[in-house]
Structure formats: structure tokens, C-alpha cells
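Report on the structure given below.
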Amino acid sequence: TPGCAGMYNDRHVTAWKRIVDYVHGHTNAKFALQLAHAGRKGSTRAPWDEAFPDQPLEAENWEIIAPSPIAWSDRNATPREITRADMERVKADFVRATLMGEKAGFDMLELHCGHGYLLSSFLTPISNRRTDEYGGDVANRVRFPLEVFNAMRAIWPKHKPMSVRISATDWHDEGLTSEDSIAIAEAFAEAGADLIDVSAGQTTPLGRPVYGRMFQTPFCDRIRNEAHVKTMAVGNIFEPDHINSILAAGRADLCALARPHLMDPNWSLRAAAELGYGQLAPPKQYRTGYAQMQRNLMRKEQ
């Protein structure tokens, strides 16, 4: 979709390697690459161009594929049901992107199996109505996403971690159950996933999410403590105390913040200064500003 970052030709490798090398050259930060296939949500306009997300392009739309020929909404095109040949091509595309990610120097790889994209559409019964070995019960629905993950894990360096992002609920009565989500997390962990990134929803426009502070953490908590896998909590986590309470209570092993960093790229540095945490090293060009922030916060506290 126009506006999306990509990893599917040599120009992407060159561009990403420049960014990754710059980050590694100026900080001790690790850098992860998340790979996804848009599936039935593809061939749409950038989300900031329309009042409603996932609107089809006004012209030059392309064919889209999905587990079953079910349109995302009545505004979107009906996807073609994915064939075995399509599956092999998609799997090869993920493998190619994985090799490109390694060439670009990324430290970690995440496979996106949530939010209604192609692999997510296999996992949820809302969009997967297949009657072959890739549809039906959760063991069948997870089969193709696992095939993709296994192919990627086989060629991604063993010393570099891999995570899988899932939507733990569809926020819909006919969607994923808690037991489904636990089984999916267990399957990926057994296949070699080091971390399950537990998100929720965005799998159907008919979903009715219940928003609030840390609103997706309960799903992460259940998967971590019932499936006994490493998890990462996401979703409306925006204060240091949120993170500390989630980790201290054993509800997740990591937390990820996106939107807070969009508005304040130095959110993590500010949080470390507020908490008096001395083991987060800012880039050397920022050290004087970081030291001043620490002093000012200490004076304010006094």
C-alpha cells in the first residue's frame, strides 16, 4: 500500500542498511525489523488520507489475496482465495525479505500475524472459512503462518531473536477465543519464537474493542502465564509506572511503546532520567542535554 515501508528489492536493502548502520554507529540500541503481508487490507490509501481507514485506492488497484474470498468491508474489493501456489510464493517472499533484513544488519525479526493482515486472516475464523487443511480448527488455521515462520527461522541467524505479533482477540463473538490465542502462542513458541508480541483487534471492522489504559495487557498476561511463553505487552502504555507495574506483576517480559515515541522521540531517555536509571546510555551527542535533564529533575524533586 502506498506509504508503507517495504523490504522487497535491492534499493530497500541499501536504504535500510544506511539507517541501521547509523543507529548502530551512534548508539548501543538494538534494531528490529517487522515483516507483514497486507492480505485483504492491501491496495488501500494511506490512513491519514481518509476519514475512514483502509479505503481502496481511487485508481490502479491491484489484485489482493486472502484465506477466503471475504472482503474487508463493503467498500473494499473481494480478495481472491489464496492457492497452494500463492502460498509458496508468499512464503518465498517472506524468506527473501528475511535474508534482506539480515543483509541490512537488523538485530531482531518480527513476523506480523495480527491486525487482519494476511497471516492474521488465517488465524481468525472470521476471515478463514476454508474447508481444507488450512481451515477449521485452530490447529489447521495456524498451519500456514507456522510454515512461513519455520521457513524464516531456518535462515535467520540462530543467535538473533525472532518474535511473532498476534491479535489475541477479534473483539467479536464469532472470533478468536482465549483458548485459540493460547494455542497459537504455544505453537509459535514451540517452533522457535523467542517472544510473542500480544496485540488485539484490527482483524475486522465489526470488532468492538474496549479501550483504556493498558487495555491489551490482560491478554498478554493470560498468554504469558497460561502458555508459559515470553511475551511483550503493547497498547496504550504511555507512562513509566505502567511499564514497571506490568513487569513487576509478571504480566509481560517486555513492553513496547509506539505512539508515545511518535510525539516524543526521547521518551525513553526522559523516563530513565525521571526514574534515576543510570544504565540507559544516550547517544554521545545528547549526553550534555541528558545530564542537564537529570539535574533539573533532581532539583524539582527536592
Side-chain angles (χ1 to χ4, degrees), residues 3-5 15-16 18-36 46-48 53 104-110 112 114-115 161 163-168 194-202 209 211-221 224 230-302:
C4 286
W16 281 115
R18 177 173 175 268
I19 296 169
V20 174
D21 286 350
Y22 185 89
V23 170
H24 285 160
H26 293 279
T27 77
N28 60 2
K30 302 299 182 184
F31 209 158
L33 169 67
Q34 183 191 79
L35 294 175
W48 46 82
F106 284 97
D107 303 294
M108 176 177 165
L109 187 64
E110 177 163 283
H112 202 327
H115 295 175
S163 60
V164 177
R165 169 167 276 212
I166 65 171
S167 287
D194 300 287
L195 186 71
I196 305 299
D197 179 356
V198 185
S199 188
Q202 302 181 55
Y211 292 111
R213 183 178 57 185
M214 304 182 289
F215 73 111
Q216 294 175 162
T217 300
F219 304 111
C220 184
D221 187 346
R224 181 182 189 268
K230 302 293 185 183
T231 61
M232 179 160 66
V234 299
N236 211 20
I237 299 169
F238 55 88
E239 296 286 355
D241 285 349
H242 298 167
I243 297 168
N244 288 337
S245 64
I246 290 169
L247 299 181
R251 308 183 78 189
D253 297 279
L254 289 172
C255 292
L257 286 73
R259 296 180 191 187
H261 283 107
L262 289 176
M263 298 309 298
D264 180 4
N266 294 314
W267 188 97
S268 294
L269 289 174
R270 185 183 303 276
E274 289 175 353
L275 295 171
Y277 181 77
Q279 297 183 49
L280 183 63
K284 57 187 177 183
Q285 296 90 341
Y286 286 67
R287 288 174 187 167
T288 56
Y290 184 66
Q292 182 188 58
M293 180 189 292
Q294 286 180 308
R295 291 193 300 271
N296 288 341
L297 287 170
M298 186 179 299
R299 293 190 187 104
K300 183 179 180 180
E301 185 69 21
Q302 291 172 346

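A pairwise comparison of heavy atoms in Leu247 and Ala252 identifies CD2-O, 3.4 Å as the closest pair. A pairwise comparison of heavy atoms in His115 and Ser199 identifies NE2-OG, 2.7 Å as the closest pair. Shown here for Asp194 and Pro161, the closest heavy-atom pair between the two residues is OD2-CA, 3.2 Å. Summarising the geometry of Asn236 relative to Gly212, their closest heavy-atom pair is ND2-O, 2.8 Å, with the distance given to 0.1 Å. Closest of all the heavy-atom pairs between Leu257 and Pro260 is CD2-CG, 4.0 Å. For the residue pair Met293 and Arg270, the shortest heavy atom distance occurs at SD-CA, 3.7 Å.
When each of Asp221, Ile237, Ile243 is tested with Met214 by the rule side-chain contact (heavy atoms from CB on, under 4.5 Å), just one qualifies, namely Ile237. Evaluated for a side-chain contact (heavy atoms from CB on, under 4.5 Å) with Arg251, the options Cys220, Ser245, Pro218 yield exactly one hit, Pro218. The side-chain contact (heavy atoms from CB on, under 4.5 Å) test with Phe219 is passed by exactly one of Thr231, Ile166, Val198: Val198.
A side-chain donor from one of Asp107 and His24 sits under 3.5 Å from a side-chain acceptor of the other.
In this structure, Tyr290 has its ring center no closer than 6.0 Å to that of Tyr286.
Between the side chain of Gln216 and the main chain of Val234, a donor-acceptor pair closer than 3.5 Å is present. Looking at Arg224, its side chain does come within 3.5 Å of a backbone N or O of Gly250 through a donor-acceptor pair.
When the shell of 6.0 Å around CD of Gln285 is examined, it contains more than 12 heavy atoms from other residues, nucleotides or ligands.
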